[in-house]
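What you are looking at is a predicted structure, and each value in this text was computed from that prediction instead of being measured. These numbers come from the heavy atoms of this one structure, side chains and all, not from hydrogens, waters or symmetry mates.
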Amino acid sequence: MTTVAVPGISTTAAALRRLYFGRFAFALVWAAVTFPLAKHLNPLTATLLVLYPLFDVAAAIVDVRASRATGSPTLLYVNVAISLLAAVGLGIAATSGVPAVLQVWGAWAVVAGLVQLIVGVTRRRMGGQWPMIISGGLSVLAGGSFIAAASADNPALTNAIGYAIPGAVFFLIAAIRLGRTAKGN
């Protein structure tokens, strides 16, 4: 894919590349730590569930700072608000049980996925964004499945936690693909 030479785009791509590598590592470690705890919704599991969207808040803030020169940060601010609401919602939902957690997690995945998809589309000229576009679309679908799973006879958190792994892979692919743009080619 050919990228357009725009002032600041290689700097933004380099910053996003570092951010995406960080998001990849965090998601894998988070899933590895949280997955074995998924059988029981207890204070530790609830804390880990809240931590995931809080990390998304921090990542969106880093993204806003990195992307100032290349576009409007409005959708990134929307992502900050959505993820903050998700963190609070998950904290509250954890007191009600797994179905409530799956509903909040699912709603967050749908809305955050839409935002990620739109941000990826608006950044196409930068290159390396197709994984973010695909990931955003898959997040919308996964979120719907989490909401549906909340009404199952025996709802489980494992699929919601496993959702972090494909997201991590997409961040890794995007980071690798941004390498050429980050070098200014």
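A donor-acceptor pair under 3.5 Å is formed between the side chain of Thr95 and the backbone N or O of Ile92. Distance alone, capped at 3.5 Å, is enough to place a donor-acceptor pair between the Ser145 side chain and the Ala142 backbone. With hydrogens and angles disregarded, a donor-acceptor distance shorter than 3.5 Å links the side chain of Thr45 to the backbone of Leu37. Side chain of Arg17 to main chain of Ala175: a donor-acceptor pair is present (N/O by atom type, distance under 3.5 Å, no hydrogens or angles). Side-chain N or O atoms of Ser139 include one that pairs as donor or acceptor with a backbone N or O of Ala109 at under 3.5 Å.
Note: the hydrophobic cluster containing Ile161 does not contain Ile147 (ILVMFWY, side chain heavy atoms under 4.5 Å, direct or indirect links). Hydrophobic cluster membership differs between Ile61 and Phe21, with clusters built from Ile, Leu, Val, Met, Phe, Trp and Tyr side chains linked at under 4.5 angstrom. Trp130 and Val140 fall into different hydrophobic clusters, where Ile, Leu, Val, Met, Phe, Trp and Tyr are joined by side-chain heavy atoms under 4.5 Å apart, directly or via other members. Val57 and Val88 end up in different hydrophobic clusters when Ile, Leu, Val, Met, Phe, Trp and Tyr side chains are linked at under 4.5 Å. Residues Leu28 and Leu19 are members of one and the same hydrophobic cluster, defined by side-chain heavy-atom contacts under 4.5 angstrom among Ile, Leu, Val, Met, Phe, Trp and Tyr.
The two residues Ala32 and Pro36 make their nearest non-hydrogen contact at O-CD, 3.1 Å. The minimum heavy-atom distance linking Val98 with Pro155 is given by the pair CG1-O, 3.6 Å. When every heavy atom of Ile82 is checked against every heavy atom of Ala112, the shortest pair comes out as CG2-N, 4.4 Å. When all heavy atoms of Val50 and Ala87 are compared, the closest pair comes out as CG2-O, 3.6 Å. Annotation for Thr47 and Pro43: closest pair OG1-O, 2.7 Å, computed over non-hydrogen atoms. Of all heavy-atom pairs between Pro131 and Ile173, the closest is CG-CG2, 3.5 Å.
For the 3.5 Å distance criterion, the side chains of Tyr52 and Ser83 fail to qualify, holding no donor opposite an acceptor.
Residues Leu49 and Leu41 have side chains in contact (heavy-atom distance under 4.5 Å, counting atoms from C-beta outward). In this structure, the side chains of Leu84 and Leu54 come closer than 4.5 Å at one or more pairs of heavy atoms. Put simply, the side chain of Trp108 reaches to within 4.5 Å of the side chain of Asp56, judged on heavy atoms. Contact check for Val62 versus Arg18: no side-chain heavy atoms found under the 4.5 Å cut-off.
To the nearest 0.5 Å, atoms NE2 (His40) and CG (Leu157) are separated by 11.0 Å. Between the CG atom in Leu117 and the CD1 atom in Ile134 there is a gap of 10.0 Å [rounded to 0.5 Å]. To the nearest 0.5 angstrom, Ile118 atom CD1 is 15.0 Å from Met132 atom CE. In this structure, CG on Leu138 lies 12.0 Å from CD1 on Ile133, to the nearest 0.5 angstrom.
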### Task
Go through Phe26 and Leu51 one step at a time and tell me if the side chain to side chain contact (heavy atoms under 4.5 Å, CB included) criterion holds.
CA-CA 11 Å; Phe26 174 82; Leu51 180 64; 4.2 Å; yes
### Message
Is there a side chain to side chain contact (heavy atoms under 4.5 Å, CB included) between Leu90 and Val101? Walk through the geometry before answering.
### Response
CA-CA 6 Å; Leu90 286 166; Val101 168; 3.9 Å; yes
### Task
Check the pair Leu178 / Gln129 against side chain to side chain contact (heavy atoms under 4.5 Å, CB included), numbers first and verdict last.
CA-CA 8 Å; Leu178 278 171; Gln129 292 302 300; 4.1 Å; yes
### Task
Just do the side chain to side chain contact (heavy atoms under 4.5 Å, CB included) check on Phe146 and Asn159 with the steps written out, would you?
CA-CA 8 Å; Phe146 302 146; Asn159 287 343; 4.1 Å; yes
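Within a 6.0 Å sphere centred on CZ of Phe55, other residues, nucleotides and ligands contribute more than 12 heavy atoms.
The ring of Tyr20 has its center closer than 6.0 angstrom to the ring center of Phe171.
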